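Here's the structure we're looking at; comments come further down.
In this text, all values refer to a predicted model and were calculated from it rather than measured experimentally.
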Amino acid sequence: MQNQSSAYVVKSGLFTTVQDDGRFGHQRIGVPVGGAMDGYALRAANALVGNGPRAAALELTLAGFALRLDADALVAVTGGGSSPTVDGCPLPAWRAVFVRRGAELAFAPAASGCRAYLAIAGGFAVPAVLGSRGTHVPSRLGGLDGRPLRAGDALPVGAPEPAAAALLAKLRGEAGDAAWAAPAWGVSPHALPAYDDHPVVRVTPGPEYERFAPDSLRLFLASAFVVSSRSDRMGYRLDGPRLELAGAGAGSLLSEPVTAGTVQVPPDGLPVVLMADRQTTGGYPRIAQVSEADLPLLAQARPGAQVRFELIGHAESRQWLLAVRLEELMLRAGIGMRMREETERYG
């Protein structure tokens, strides 16, 4: 029986955690969903290395992370915020890459984006907690002891699927003495979300939208808000015009359900967009809800980025999301087809 391989953290980076698509079915008892901030980038990375969409990968915030592998591996890096290198040589992103045993995979600063995703064929096989391997740091659930990674951590790696193993073998042969090799194909830039340093994010009216003063509604849609340095995986705090409710005593509100992308307005008037690690309920008025299709755009907005909101209807938001999901299915199918070709040729 083949021993399980491992990946060893050389440098922890700013904030690196094990993440998957989330911990579903437990919000009724107060357990947040969590999961990757940029779900599209996570799923694309997993597809490129032959993993299922729920496999665990690493989410890297900006630069500084480094990892060493104790076995040859097939990896993929997606998202933004950092530029991957192997033993100091630049590595292509949004593509499957063979990395030789003992090589150091490191992440240098990039000009744009905030979060990169590192998937490995077989997935990072940390124990599942409540059905998810993802890390929720506030409650210390999942991942590696429920915390960000540290230098010296060892991450177990699962066994790759046959198609991924075949692609790894092919690329190993093509690499010769080099530390890495990649196929000619990958995710087309045209298939990516509309990532932007200063994104325009589509929103639908929140349950308390009509309770805001008309001037505040106008400012919310006409102004640029700046992502605060106090933002994190729980929520993006936005600096800009202060928004007010209409009428005296209009701020009283019982705790109500919230989800990723809910835009709340606390008493200081500065909106907060709830993100992956948000709580399950909130007591602040909800002025808007970010379209799920646009959550990756926010996930890649770093502190200092300007964000604008565009109001759309609920039906249009659903149509955008369905279109995005269909494109993702086509992308996964296309990647799977290329991998099957490699399996037939080298399996």
Side-chain angles (χ1 to χ4, degrees), residues 11-23 27 30-42 56-65 79-82 107 109-110 112-118 132-150 195 197-199 201 203 225-240 258-284 286-290 292 294-307 309:
K11 296 179 181 178
S12 61
L14 181 62
F15 192 89
T16 305
T17 54
V18 178
Q19 295 296 343
D20 57 16
D21 66 344
R23 187 168 281 107
Q27 293 188 83
V31 179
V33 173
M37 289 277 279
D38 183 346
Y40 178 91
L42 171 77
L58 300 186
E59 179 181 275
L60 290 58
T61 303
L62 299 173
F65 181 76
S82 54
F107 292 80
S112 61
C114 189
R115 290 173 176 86
Y117 293 84
L118 170 61
S132 169
R133 291 182 168 85
T135 312
H136 187 255
V137 173
S139 58
R140 300 191 66 82
L141 284 176
L144 206 61
D145 300 326
R147 59 169 172 79
L149 298 182
R150 302 170 184 159
Y195 293 127
D197 291 340
H198 305 292
V201 177
V203 297
F225 292 86
V226 178
V227 177
S228 168
S229 60
R230 298 176 296 152
S231 301
D232 56 22
R233 280 181 47 89
M234 289 192 70
Y236 275 18
R237 297 179 180 273
L238 303 180
D239 294 326
V258 294
T259 187
T262 298
V263 186
Q264 290 187 309
V265 181
D268 66 4
L270 295 176
V272 177
V273 185
L274 302 183
M275 299 298 285
D277 283 349
R278 80 280 177 186
Q279 67 277 17
T280 57
T281 62
Y284 298 135
R286 299 158 293 178
I287 190 172
Q289 178 68 40
V290 175
E292 188 174 344
D294 282 356
L295 283 174
L297 310 187
L298 272 182
Q300 295 298 343
R302 59 176 66 182
Q306 291 186 355
V307 176
F309 297 107

Taking C-beta and beyond as the side chain, do [X] and [Y] meet within less than 4.5 Å on heavy atoms?
{"X": "T262", "Y": "Q289", "result": "yes"}
{"X": "V263", "Y": "V290", "result": "yes"}
{"X": "V273", "Y": "M275", "result": "yes"}
{"X": "F15", "Y": "V137", "result": "yes"}
{"X": "L298", "Y": "M37", "result": "no"}
{"X": "S112", "Y": "Y195", "result": "no"}
{"X": "M234", "Y": "R278", "result": "no"}

Looking only at heavy atoms, which two atoms of [X] and [Y] are closest? And how far apart?
{"X": "V307", "Y": "V201", "value": "CG1-CG2, 4.0 Å"}
{"X": "A301", "Y": "Y236", "value": "O-OH, 3.2 Å"}
{"X": "C114", "Y": "A299", "value": "CB-O, 3.7 Å"}

*asked:* I'd like to know if the side chain of T280 pairs up with that of Q27 as donor and acceptor (distance under 3.5 Å, no hydrogens or angles considered).
replied: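 Their side chains do not contain a donor-acceptor pair, so the 3.5 Å distance test is not met.
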*Does a donor on one side chain sit under 3.5 Å from an acceptor on the other, for Y117 and E59?*
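Yes, a side-chain donor-acceptor pair sits under 3.5 Å.
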*For the pair T135 (side chain) and G146 (backbone), establish whether a donor and an acceptor sit closer than 3.5 Å, ignoring hydrogens and angles.*
no
*Would you say D294's side chain and L297's backbone share a donor-acceptor pair under 3.5 angstrom?*
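Checked: no pair found.
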